[in-house]
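Remember, it's 1-based here, ligands and their atoms both numbered in the order they're listed.
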Amino acid sequence: MSPHTPHYMVIGGGITGLSAAFYLQKRLEAEGAPFRISVVEKSEKLGGKIHTLERDGFVIEKGPDSFLARKKPIIDLAYELGLEGELTATNPKAKKTFIVRQGKLHPMPPGLVLGIPTQWTPFMRTGLISPLGKVRAAMDFVLPKRKKQTDESLGHFLKRRLGTEVLERVVEPLLAGIYAGDTFKLSLKSTFPQFGAMEQKHRSVILGMMASRKNVPEESAHLPQSVRHSVFVTFKRGLKTIVEGLEAALREGGAELRTGVGVTKVTAAAGDGSAAAGGPAKVVFEDGHEEVVDGLIVTTQTYQAAKLLDELPIAEVLRNIAYISVANVIMAFDRKDIPFELDASGFLVPRSEGLAITACTLTSAKWLHTAPDGKVVLRCYIGRAGEQEWPSLSDEELVELARRDIRKLLGIEASPLFSEVTRLMHSMPQYPVGHLEKLADFRAKLSAAMPRVWVTGAGFHGVGLPDCIRQGKEAANALVDRIES
Ligand code: FAD
């Protein structure tokens, strides 16, 4: 009888799943024993939220568009795939960002890091915050640190340290781009744990932020020289570059990439006393067929993972993670129809402004590779927690709302050359207060019930692309360690 070749399966072909499969392959190849890897993706395309569209010379991102350069996992992966030469930086001439206040664009004061002021003079001069609001923010220097170390909401933390104005007029609109969330529901420990750590170490989050900025040059040491000056980085041909790179590496290593194949259930394989013994898992597919695998990594959205693991009471933890739906409207124009200098990356819209859009990126000003000469592309964002009525509108109505807002704020009257509407339903996970503890409980109970199943992805420990890659890699190593131990 020929020896059994261990079969590892990854469910979900987004960046987390592809990274998990890549690092599984790398590790198992290094160990030298035979193995089999399959990636199973419900939709017809790999990449999940990543969706680059090339149209008429434009490079259009329908989902994520870039990532934080200082986060190593994605840069490491770019090197491992030989793609570091494809990285590109933001246009240094489009550094300015604006925030809307009473229907007008105000420049964001220099030195704001994640909305926290780190340079006091520009902050004192900004028209975004009232004199009283500035005095309230300055109280952060003297307010005592919180005694309790338990989780709290991001909104509660920021209001406590910096006051309501800074929270509502600056930080919340900035963070809306990352979570589209209600800051009073988001967990501080799961979203910006560094804020809480700074308060504990420096008492003041402003002082903590100032101190942490001093480390920036060291933090960029891992980046190729060409992009070292940039806070955000992407790929010249779009983010699909990393998806295609992963796909090519996986195929070359013999992995099976199955698209258009959905999974409906995951259980411990019956009849072998498997659960307690750490035995295999059974995967049931949409067409009814079943496969038994030796190791399984689930990287779907958490509400999908909850359905797959429905028989486990602990799946409740995953089911309870809410997701917000967002849309974006991409519009292309002739340069001559844009009545201003393209020297800014975009603007943010606080809730109180009552506009339809939550932000706008002047995409081709920020990223020079995204539009052909003489053309401009911009992207408007719609939808956040508490603003979830937009799905009932048609694409045409969403374009009209976005056009109304940019006419008002930017004076763009022209009709777009073309527009692209992307609806990302239930796409932004909202980590609730206490998220980390609940996940720890989930992991412990899942490992007792199905030791060869690992669940991860953007709904767990970080939504950014680098965080997803890190989680995919951690999942691969943790699962192999467990199986081989
Ligand atoms: P997903 O990409 O959601 O992949 C999960 C996959 O699982 C999907 O392909 C899905 O089809 C599949 N699946 C689901 N159920 C099943 C099933 N039953 N069987 C088989 N397959 C299944 N991050 C950044 O770093 N920079 C940005 O600029 C940025 N912008 C963003 C903009 C938007 C509009 C959104 C929504 C997110 C953005 N993010 C950004 C976050 C980042 O894009 C996501 O967190 C990340 O792509 C999620 O990757 P993932 O693999 O965990 O999940």
Put together the list of close N/O pairs, under 3.5 Å, between ligand 1 and the protein, could you?
from     : atom 1 : to     : atom 2 : distance (Å)
ligand 1 : 2 (O)  : Lys49  : N      : 2.9
ligand 1 : 3 (O)  : Lys49  : NZ     : 2.5
ligand 1 : 9 (O)  : Glu41  : OE1    : 2.6
ligand 1 : 9 (O)  : Glu41  : OE2    : 3.1
ligand 1 : 11 (O) : Glu41  : OE2    : 2.6
ligand 1 : 18 (N) : Val263 : O      : 2.9
ligand 1 : 19 (N) : Val263 : N      : 3.1
ligand 1 : 21 (N) : Lys42  : N      : 3.1
ligand 1 : 25 (O) : Leu465 : N      : 2.8
ligand 1 : 26 (N) : Ser66  : O      : 2.6
ligand 1 : 28 (O) : Asp65  : N      : 3.1
ligand 1 : 28 (O) : Asp65  : OD1    : 3.2
ligand 1 : 28 (O) : Ser66  : O      : 3.3
ligand 1 : 45 (O) : Val463 : O      : 2.5
ligand 1 : 51 (O) : Ile15  : N      : 3.1
ligand 1 : 51 (O) : Thr16  : N      : 3.0
ligand 1 : 51 (O) : Thr16  : OG1    : 3.2
ligand 1 : 52 (O) : Thr16  : OG1    : 2.7
ligand 1 : 52 (O) : Ala458 : N      : 3.1

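- A salt bridge links Glu244 with Arg237: the closest approach of a Lys/Arg side-chain nitrogen to an acidic carboxylate oxygen falls below 4.0 angstrom.
- In this structure, Lys236 and Val59 have side chains that are not in contact, with every pair of non-hydrogen atoms separated by 4.5 Å or more.
- Every residue meeting the side-chain contact (heavy atoms from CB on, under 4.5 Å) condition with Asp287, not counting sequence neighbours, appears here in chain and number order: Phe285, His289.
- Using a distance-only test at 3.5 Å, with no hydrogens or angles considered, no donor-acceptor pair links the side chain of Arg470 to the main chain of Pro73.
- Within the model, atoms CG of Leu410 and SG of Cys360 stand 5.5 Å from one another, a figure rounded to the nearest 0.5 Å.
- Proximity of a side-chain donor or acceptor of Thr234 to a complementary backbone N or O of Asp65 within less than 3.5 Å is detected.
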